[in-house]
Amino acid sequence: MQLSKLAAVVTGGGSGIGRAICQRFAREGACVAVVDIDADRTRQTLDELSTKGPDCKHHAFTTDVSSAESVAKLVKEIPEKFSVTPTILVNCAGITKDSFLVKMDERSFDDVIRVNLKGVFLVTQAISKLMIDNKIKHGSIINMSSISGKTGNIGQCNYTASKAGIEGMTRTMAKELAEHDIRCNAVLPGWIESPMTQAVPEKVLTKHLGMIPAGRLGQPEDIADACLFLASRKSSYITGTSIEVTGGLFM
Ligand SMILES: NC(=O)c1ccc[n+]([C@@H]2O[C@H](COP(=O)([O-])OP(=O)(O)OC[C@H]3O[C@@H](n4cnc5c(N)ncnc54)[C@H](O)[C@@H]3O)[C@@H](O)[C@H]2O)c1
């Protein structure tokens with residue numbers, strides 16, 4: 001098992017990609033902190049995780065990643081629940097509020113930037129302080145960006161700005177945290193089947209499916225596998241980079 005006896009924090013763990021990451025990490029022996037704003041979905045993910053014995057219990061936390069107060073509460077509670085300091089963080093919480101540039105209201109822009117971009121800042125700042133204070137070894141932070149942050153996407157000026165911002169912030173985090181033995185990378189998923197993409201009109205999905213060299217939409221497990229690689233020692237010389245998991249879309 002690649003993550004045996006390690007603790008991992010996964011935001012957005014209540015659904016889709018985040019839930020698949022929690023499951024993959026748990027199967028690899030990690031103790032998982034499932035973090036999400038939705039208490040019911042967080043609990044559901046927790047219930048589905050395999051238990052690994054008394055030293056490795058998983059725990060659920062209801063947290064709004066965009067609120068400094070809520071994140072402070074999370075970081076206070078984590079050491080109370082886990083016997084080891086987390087060495088892995090995956091920032092996966094995210095939202096969309098799509099609209100054409102000329103029609104988008106200010107609230108939709110602000111909300112997406114607040115959750116997707118500021119949320120990564122707040123959680124990473126708090127968890128990396130915990131890692132540094134406890135002198136952890138071999139830390140790994142993984143930020144969920146998107147291929148649309150690189151290419152742009154019609155109707156998503158707020159979302160693509162947040163996801164491009166995550167890539168830039170990831171490179172800064174990688175530079176600042178390297179001296180503390182913490183690596184920081186971004187993952188850029190393409191089209192992944194999840195509750196988020198269920199909201200996308202069928203004709204848009206069909207059009208994009210035709211552009212994917214792999215000939216299929218991605219599954220949350222495809223992203224979880226990439227996160228496992230970045231979380232594990234198998235990627236110990238990789239930091240400050242972005243990995244595209246897109247089936248070849250927009251290569
Ligand atoms: N599905 C895709 O095709 C795709 C593609 C590229 C990037 N992504 C990114 O992957 C991540 C996961 O996407 P998904 O498809 O699993 O979406 P999803 O909607 O299934 O899951 C997102 C989760 O984030 C949680 N969340 C939302 N706001 C939050 C907040 N303020 N605090 C804490 N949790 C919050 C939601 O409750 C939900 O459980 C997102 O960051 C998304 O932008 C997804």
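Just so we're clear, the structure is a prediction, and the values are computed from it rather than from any experiment. Just so you know, ligand 1 is whichever comes first in the structure, and atom 1 is the first atom listed for that ligand.
- Contact record, Lys234 with Phe229: O-CE1, 3.5 Å, taken as the closest heavy-atom pair.
- Ring orientation note: the planes of His208 and Trp191 are tilted relative to one another, at an angle of 30° to 60°.
- By the neighbour-count criterion of 12 heavy atoms within 6.0 Å, atom NZ of Lys150 is densely surrounded, having more than that number from other residues, nucleotides or ligands.
- Within the structure, side-chain hydrogen bond (donor to acceptor under 3.5 Å, both in side chains) pairs that include any residue of residues 212-221 comprise Glu193-Gln219, Arg216-Asp222 (at least two apart or interchain).
- A donor and an acceptor atom, one from each side chain of Asn116 and Ser162, are located under 3.5 Å apart.
- Close contacts between ligand 1 and Trp191 involve ligand atoms 3 (O) [criterion: under 4.0 Å to a heavy atom].
- Listed by number with element, the atoms of ligand 1 under 4.0 angstrom from any heavy atom of Ile95 are 27 (C), 28 (N).
- For the residue pair His58 and Val32, the shortest heavy atom distance occurs at ND1-N, 3.0 Å.
- The part of Tyr159 lying near ligand 1 is the side chain, judged by heavy-atom distances below 4.0 Å.
- Ser140 and Leu230 make their closest contact through OG-O, 2.8 Å (heavy atoms, listed as atom of the first residue, atom of the second, distance).
- Note on residues 89-108: pairs passing side-chain hydrogen bond (donor to acceptor under 3.5 Å, both in side chains), not counting sequence neighbours, are Asn91-Thr124, Asn91-Asn143, Lys97-Asp111, Asp98-Gln156, Asp105-Ser108, Arg107-Asp111.
- With respect to atom 22 (C) of ligand 1, the closest heavy atom belonging to the protein is Gly94 O, 3.7 Å.
- Here's the thing with Ser66: none of its N/O atoms is less than 3.5 angstrom from an N/O atom of ligand 1.
- Within the listing of ligand 1, atoms 16 (O), 20 (O) sit less than 4.0 angstrom from a heavy atom of Gly16.
- Under a 4.0 Å criterion applied to the non-hydrogen atoms of Asp64, ligand 1 contributes the atoms 30 (C), 31 (N), 32 (N).
- Per-residue contacts place Ser145 under 4.0 angstrom from the following atoms of ligand 1 (heavy atoms of the residue considered): 7 (C).
- When hydrogens are left out, the protein atom nearest atom 18 (P) of ligand 1 is Ser15 OG, 3.6 Å; that is the closest non-hydrogen contact.
- In Arg19, neither the side chain nor the backbone holds a heavy atom less than 4.0 Å from any atom of ligand 1.
- Considering only non-hydrogen protein atoms, atom 29 (C) of ligand 1 sits nearest to Ile37 CG2, 3.7 Å.
- Residue-ligand proximity: Gly190 is placed with a non-hydrogen atom under 4.0 Å from ligand 1.
- Of all atoms in ligand 1, listed by their number and element, those nearer than 4.0 Å to a heavy atom of Thr197 are 1 (N), 2 (C), 3 (O).
- Residues Ala224 and Arg24 come closest through the heavy atom pair CB-CB, 3.9 Å.
- For ligand 1, the polar-atom distance check finds an N/O of Ile192 within less than 3.5 Å of one of the ligand's N/O atoms.
- With Val34, Thr45, Asp40, Val65 as candidates, the residue nearest to atom 32 (N) of ligand 1 on a non-hydrogen basis is Val65.
- Not a single heavy atom of Glu193 sits less than 4.0 Å from an atom of ligand 1.
- For the ligand labelled ligand 1, residue Ala20 lies outside the 4.0 Å heavy-atom shell.
- Ranking the protein heavy atoms by distance from atom 16 (O) of ligand 1 puts Ile17 N, 2.8 Å first.
- Closest to atom 40 (C) of ligand 1, if we only count protein heavy atoms, is Cys92 O, 3.2 Å.
- Shortest contact from atom 10 (O) of ligand 1 to any protein heavy atom: Met144 CG, 3.3 Å.
- Between Leu177 and Ile141, the shortest heavy-atom contact is CD1-CD1, 3.8 Å.
- The distance from ligand 1 to the heavy atoms of Thr63 drops below 4.0 Å at these ligand atoms: 32 (N), 33 (C).
- Between atom 23 (C) of ligand 1 and the options Asp36, Val35, Thr246, the minimum heavy-atom separation is to Asp36.
- Closest approach of Met211 and Phe250 over heavy atoms only: CE-CE2, 3.6 Å.
- Distances below 4.0 Å separate heavy atoms of Gly12 from the following atoms of ligand 1: 23 (C), 24 (O).
- For ligand 1, the polar-atom distance check against Asp38 finds no nitrogen or oxygen pair separated by under 3.5 Å.
- No hydrogens or angles considered: nothing links the side chains of Ser15 and Arg41 as a donor-acceptor pair under 3.5 Å.
- In terms of protein heavy-atom proximity, atom 17 (O) of ligand 1 is closest to Met196 CB, 3.4 Å.
- Of the protein's heavy atoms, Ser194 OG, 3.6 Å lies nearest to atom 14 (P) of ligand 1.
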